[in-house]
There are 2 protein chains.
Amino acid sequence: MSDKQHIVELLAAHGIIPTRQRIDLAHILLAKPQHLSAEQLMEAAWADGDHHVSKATVYNTLNLFVERGLIREIIADPTKSFYDSTTTEHGHLYNVDTGELMDIPASGNHPGLLAALPEGVTPIGVEIVVRVKNSC
Amino acid sequence: MSDKQHIVELLAAHGIIPTRQRIDLAHILLAKPQHLSAEQLMEAAWADGDHHVSKATVYNTLNLFVERGLIREIIADPTKSFYDSTTTEHGHLYNVDTGELMDIPASGNHPGLLAALPEGVTPIGVEIVVRVKNSC
DNA sequence: GTCAGTGCAAACCCTTTGCAGAAAG
DNA sequence: CTTTCTGCAAAGGGTTTGCACTGAC
């Protein structure tokens, strides 16, 4: 299907050798804007595909995708990472009770961040982290 | 010393029963604006105090302090948490190479976040997480 | 004397790693 | 063929937990 072909080209464009497992995982991840934990992706792959993907391969693949800029790692929960299929800059809303991670459609306007909270939730705090690395 | 007395009152004001270990840890944490990991706090307590504080107590105490709003937990690294003695709203700069966590003095003005980076570092990305909980 | 806090070690959980077998070109 | 990826299981590391002991009032 052309869908798979598109994924193959996308992986190649990011310098990633397309293997069956990587294509399956990318297919699930990039299907729509979403945030999946490693575990959720594993379960989705297991449910969706006819193929088997091991835990190690899921983690290896996620790290590779993040490194190559195909997806973004979101550090919102100290116990697990989320992976975001949307790589453009945007904020997130994390519900510590439900473990739900949502996009914040708003701009980077700080005071506006808390303006449009969903109903039924109470803000705990806003965290802004600029991640940097040594230049060389 | 009046310093310790001040800590005792601060803990009590947050509904925390002041014990020797909690006073010691609070004394180290709140001495100045800083970000310490659990491990760093443990080492500081071991070096600084004449008393012994166990690992379990350090973690229990940190969680209690965060819960009571005495300090803030900073989730910048997927492998460990940092604890911030400054509870007012401000951003952070995290160097993934050195593990160094710094305050961003700037306001919440988003475009300004990347303006005043220290020398020798390259930005990887900006992450904004609004943490919420269910209202009841 | 009672209740909460502390300490030790073991358990936990997510993530990474080592290495043998499989796959791709 | 040769190189890279995959899978399994075991290791790793920060954090939490169970339970007996200690300490405060």
Side-chain angles (χ1 to χ4, degrees), chain A residues 4-5 7-9 11-12 14-27 35-46 49-68 70-71 73-83 94 96 99 101, chain B residues 4-5 7-8 11-12 14-28 35-46 49-68 70-71 73-83 94 96 99 101:
Chain A
K4 293 275 180 186
Q5 188 52 39
I7 298 280
V8 169
E9 287 165 6
L11 292 179
H14 285 261
I16 301 170
I17 298 173
T19 65
R20 202 200 63 217
Q21 288 84 345
R22 289 172 180 175
I23 294 169
D24 283 356
L25 294 175
H27 185 246
H35 319 89
L36 296 177
S37 64
E39 192 185 6
Q40 290 173 327
L41 177 59
M42 225 171 340
E43 287 169 359
W46 193 81
D50 349 66
H51 312 306
H52 179 70
V53 183
S54 77
K55 189 189 290 190
T57 297
V58 169
Y59 279 105
N60 288 340
T61 302
L62 283 171
N63 285 338
L64 180 66
F65 285 3
V66 168
E67 194 184 308
R68 295 300 216 282
L70 202 63
I71 59 177
E73 181 181 16
I74 307 297
I75 305 171
D77 186 307
T79 71
K80 60 170 171 281
S81 289
F82 286 91
Y83 297 88
Y94 183 60
V96 298
L101 188 63
Chain B
K4 294 275 180 183
Q5 187 54 37
I7 298 280
V8 170
L11 292 179
H14 285 262
I16 300 170
I17 297 174
T19 66
R20 201 201 63 218
Q21 287 85 345
R22 289 173 179 175
I23 294 170
D24 282 356
L25 293 176
H27 185 246
I28 295 170
H35 319 90
L36 296 177
S37 64
E39 192 185 5
Q40 289 172 328
L41 177 58
M42 227 170 340
E43 287 170 359
W46 194 81
D50 349 66
H51 312 306
H52 178 71
V53 183
S54 77
K55 189 189 289 191
T57 298
V58 169
Y59 279 104
N60 287 340
T61 302
L62 283 171
N63 285 338
L64 180 66
F65 284 3
V66 169
E67 194 185 310
R68 295 299 215 281
L70 202 63
I71 58 178
E73 181 180 16
I74 307 298
I75 305 172
D77 185 308
T79 71
K80 59 169 172 281
S81 289
F82 286 92
Y83 297 89
Y94 183 59
V96 298
L101 188 63

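Every chain is numbered from 1 and lettered A, B, ... according to where its sequence line falls, protein lines coming before strand lines.
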Atom pairs, N/O to N/O, protein against nucleotides 11-13 of chain D, distance under 3.5 Å?
none

(request) Could you tell me which residues satisfy side-chain hydrogen bond (donor to acceptor under 3.5 Å, both in side chains) with T19(A), sequence neighbours excluded, listed by chain and number? (result) none
(message) Tell me the closest heavy-atom pair linking V8(A) and P18(A), and the distance in Å.
(response) CG1-CG, 3.9 Å
All N/O pairs under 3.5 Å across the protein-nucleotides 16-25 of chain D interface:
from    : atom 1 : to     : atom 2 : distance (Å)
dT16(D) : OP2    : N63(B) : ND2    : 3.0

(request) Side-chain contact test, heavy atoms from C-beta onward, threshold under 4.5 Å: evaluate it for Y59(B) versus K55(B) and give yes or no. (result) yes
(message) Using a heavy-atom cut-off of 4.0 Å across all strands, would you classify S81(A) as base, sugar-phosphate, or nothing?
(response) sugar-phosphate
(request) Taking side chain to side chain contact (heavy atoms under 4.5 Å, CB included) as the test, write out the residues that go with E43(B), two or more places apart. (result) E39(B)
(request) Please report, rounded to the nearest Å, how far the C1' atom of dA4(C) is from the CD1 atom of I16(B). (result) 14 Å
(request) Compare side-chain N and O positions of T57(B) against OP1 and OP2 of dG7(C) and report whether any pair is under 4.0 Å apart. (result) yes
(request) Examine dC14(C): is either OP1 or OP2 under 4.0 Å from a nitrogen or oxygen in the side chain of S37(A)? Give yes or no. (result) no
(request) Using atom CE of M42(B) as one end and atom P of dG7(C) as the other, report the distance to the nearest whole Å. (result) 12 Å
(request) Quick one: list whatever passes side-chain hydrogen bond (donor to acceptor under 3.5 Å, both in side chains) with Q21(A), sequence neighbours left out. (result) none
(message) Could you tell me if the side chain of L70(A) sits less than 4.5 Å from the side chain of L11(A), heavy atoms only?
(response) yes
(message) Less than 4.0 angstrom between a side-chain N/O of H52(A) and OP1 or OP2 of dC8(D), yes or no?
(response) yes
(request) Give the minimum heavy-atom separation between R20(A) and H52(A), together with the two atoms involved. (result) NH2-O, 3.4 Å
(request) Take the protein atom CD of E39(A) and the nucleotide atom P of dT15(C), then report the distance between them rounded to whole Å. (result) 9 Å
(request) Find the distance between CZ (F65(B)) and CZ (R22(B)) and round it off to the nearest 0.5 Å. (result) 7.0 Å
(request) Please state whether the phosphate of dA23(C), meaning OP1 or OP2, lies under 4.0 angstrom from any side-chain nitrogen or oxygen of Q21(A). (result) no
(message) Whole angstroms only, please: what is the CZ-P distance between R22(A) and dG7(D)?
(response) 11 Å
(request) Can you figure out which of dT6(C), dG7(C), dG7(D) approaches the side chain of S54(A) most closely? (result) dG7(D)
(message) Using the side chain to side chain contact (heavy atoms under 4.5 Å, CB included) criterion, which residues pair with V66(B)? Sequence neighbours excluded.
(response) I71(B), E73(B), Y83(B)
